[in-house]
Amino acid sequence: GRSPMLLHISWFTECMAAREPVKIEPRHLLEDALETLSKEASFCGSDGRSLAFIRAASVLRSLPSTLTTIEELNRLPGFGEHSKRVVQEILEDGFSAEVERVTQKEKYQTMKLFTNIFGVGMKTANRWYQEGLRSLGDLRNSQKLKLSKQQEAGLQHYEDLNMPVSRAEADLIAKMVEEVAHSFLPGTIITLAGGFRRGKLSGHDVDILITHAQEGREEGLLSKVIGQLQSQGLILYHDLKRNSYHDAFSPDSKSTSNMDHFERSFSIFRLKVASHIGDIGARDHSPESSKDWKAVRVDLVVTPISQYPYALLGWTGSKHFERELRRFSCNEKKMVLNSHALYDTVEQKILAATCEEDIFLYLGLEYMPPSDRNA
Ligand code: DGT
Ligand code: MG
């Protein structure tokens, strides 16, 4: 059969042509419901079910207008019976009893709380839940719990890190990084990737790519940049991973791991915030309200220029778009796509790209600008 991505694209075009201005149900209500069920499924270890709900939510997101009738729903690709049932319920009653039940569950609430801690994955969250831990207070007060440095930082800055990062804050951080990078290596190219590149106005972190037009000049730059920012008191946490492309990566490996092998730093920046932002917090009278800084999650990723177009495509997201694109490459084109390269398994060669457009061309797809990749 045709790949969901192609179905999706052709259906989308069809829909744009028959655009109707009706609007009854706020679309986020439906998407949030499906996302809740997706989370719940992943908390239960059902990755397949989780993905099915993500797909359905992504189809809704790509609709030109809000869904209003169950008939429209029946024409949509990528909608399983369960997702359909939930959407139908909300369209008819304004809410879904199943979703309400899930959000009330203690396990769901606890898993959501714990997995929102920087450095805590599903396994750890589940273990803590099984041990009877329920709140951040429980984690902070536990005597026997052994937290990693990353989790400690995540717990310490939990509130800040779960506040959205604004576009202005992201730009400010990119500028800080650029200035320092230029002081060590003029001509360094800094790119704001992730959701912000797709035009989102806020995000959960700041994803920054670092490269240089001369291959190899970027090597060793990151530790200098971090060191400099650190000496200015701007880094609350950082974990530098060295480049492991050559020792751990083979382009035709069947590994499904999405982790890439660039030199990178998972960090938490200490960002000065304008006093009027602090004023919002001043309404509550906690000592925190006088704080004139905010902890922000920043990923710095260093890429050689030869891999930059792939890194840019891979780090622009969305996660779901990446997943669908990689699946399409593999199933329809017999090519393995990741953030380093595109590997043609038939010709058995790596395809070099100088820009994102080249990659879409290799895949036989029309170029999609970042703002169209929000699926
Ligand atoms: P948000 O939540 O507003 O930050 O939304 P995004 O879309 O910026 O999501 P984010 O920051 O989690 O990831 C941005 C893109 O970067 C996403 O498409 C996947 C990619 N990405 C994130 N972490 C990794 C990683 O460890 N390895 C690879 N290969 N890609 C990653
Ligand atoms: Mg991001």
Side-chain angles (χ1 to χ4, degrees), residues 32 35-36 38-40 42-43 102-170 172-173 176 194-196 200-208 226 229-230 233-241 264-274 277-300 319:
D32 289 354
E35 268 152 24
T36 297
S38 162
K39 269 212 175 84
E40 163 72 359
S42 72
F43 293 160
V102 165
T103 54
Q104 295 304 315
K105 274 174 64 178
E106 188 177 37
K107 174 154 187 194
Y108 175 82
Q109 291 174 355
T110 311
M111 289 294 287
K112 198 172 158 197
L113 182 77
F114 288 172
T115 52
N116 274 337
I117 303 170
F118 173 50
V120 178
M122 216 77 82
K123 255 200 214 140
T124 307
N126 194 43
R127 194 177 64 240
W128 290 346
Y129 178 79
Q130 300 303 334
E131 286 169 6
L133 300 160
R134 293 292 180 267
S135 67
L136 298 183
D138 287 351
L139 300 179
R140 285 172 176 143
N141 298 330
S142 167
Q143 301 296 324
K144 54 176 187 164
L145 210 58
K146 270 209 105 28
L147 297 175
S148 68
K149 284 262 173 294
Q150 192 180 23
Q151 293 164 346
E152 247 168 49
L155 198 53
Q156 190 181 349
H157 302 293
Y158 185 88
E159 285 75 19
D160 276 6
L161 297 184
N162 280 285
M163 266 206 283
V165 181
S166 71
R167 172 80 209 206
E169 289 168 339
L172 206 62
I173 286 174
M176 276 160 52
F196 291 110
K200 276 177 61 179
L201 298 175
S202 69
H204 98 282
D205 67 356
V206 183
D207 307 292
I208 293 177
I226 292 285
L229 291 167
Q230 210 162 16
L234 299 171
I235 304 283
L236 294 165
Y237 168 88
H238 86 96
D239 177 18
L240 205 70
K241 292 246 182 295
R264 62 186 276 186
S265 169
F266 301 95
S267 46
I268 301 176
F269 276 42
R270 185 183 191 279
L271 183 69
K272 273 248 184 249
V273 289
I277 298 176
D279 286 348
I280 299 168
R283 263 184 252 119
D284 64 61
H285 296 284
S286 64
E288 285 284 281
S289 62
S290 58
K291 187 166 142 267
D292 65 348
W293 58 272
K294 176 185 174 185
V296 179
R297 271 275 300 116
V298 182
D299 277 344
L300 301 171
K319 282 202 188 81

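In this structure, Arg134 is positioned above the aromatic face of Tyr129, its NZ or CZ under 6.0 Å from the six-membered ring centre and within 45° of the axis.
Looking at every heavy atom in both residues, Val165 comes nearest to Ala170 through CG1-N, 4.2 Å. Scanning both residues, Ala295 and Leu236, for their nearest heavy atoms gives CB-CD1, 3.7 Å. For the residue pair Leu240 and Ser265, the shortest heavy atom distance occurs at CD1-CB, 3.8 Å. Taking each heavy atom of Val296 and Ile173 in turn, the nearest pair found is CG1-CD1, 3.7 Å. The minimum heavy-atom distance linking Lys200 with Arg167 is given by the pair O-CD, 4.3 Å. Counting all heavy atoms, side chain and backbone alike, Leu136 lies closest to Leu113 at N-CD2, 3.8 Å.
For the salt bridge (Lys or Arg N to Asp or Glu O under 4.0 Å) condition, the pairs that include at least one residue of residues 149-159, sequence neighbours left out, are Arg140-Glu159.
Taken to the nearest 0.5 Å, the CG atom of Leu161 stands 10.5 Å off from the CG atom of Leu155. From Ile268, atom CD1 reaches atom NE2 of His238 across 11.5 Å, with rounding to the nearest 0.5 Å. From Arg270, atom CZ reaches atom NZ of Lys291 across 8.5 Å, with rounding to the nearest 0.5 Å. The NZ atom of Lys112 lies 6.5 Å from the OG1 atom of Thr36; values are rounded to the nearest 0.5 Å. Here the OG atom belonging to Ser166 is positioned 8.5 Å from the CG atom belonging to Leu271, to the nearest 0.5 angstrom. Atom CD of Gln151 and atom CZ of Phe114 lie 11.5 Å apart (nearest 0.5 Å).
Other residues, nucleotides and ligands contribute over 12 non-hydrogen atoms within 6.0 Å of the NZ atom of Lys107. Around atom CG of Leu201, no more than 12 heavy atoms belonging to other residues, nucleotides or ligands sit under 6.0 Å away.
No side-chain heavy atom of Asp138 sits under 4.5 Å from any side-chain heavy atom of Trp128. For the pair Glu169 and Val273, the minimum side-chain heavy-atom distance is below 4.5 Å.
The ring pair (Phe, Tyr, Trp, His ring centres under 6.0 Å) test applied to Phe196 returns no partner, not counting sequence neighbours.
Side chain of Gln230 to backbone of Ile235: no donor-acceptor contact under 3.5 angstrom is found. For the pair Arg297 (side chain) and Val206 (backbone), a donor-acceptor distance under 3.5 Å is absent. With Asn126 contributing its side chain and Met122 its backbone, the two residues share no donor-acceptor pair below 3.5 Å. Judged by distance alone, with hydrogens and angles left aside, the side-chain atoms of Ser142 form no donor-acceptor pair with the main-chain N or O of Leu139 at under 3.5 Å.
Between Phe118 and the choices Phe266, Tyr237, Tyr158, the ring-ring contact (aromatic ring centres under 6.0 Å, His included) rule is met once, by Tyr237.
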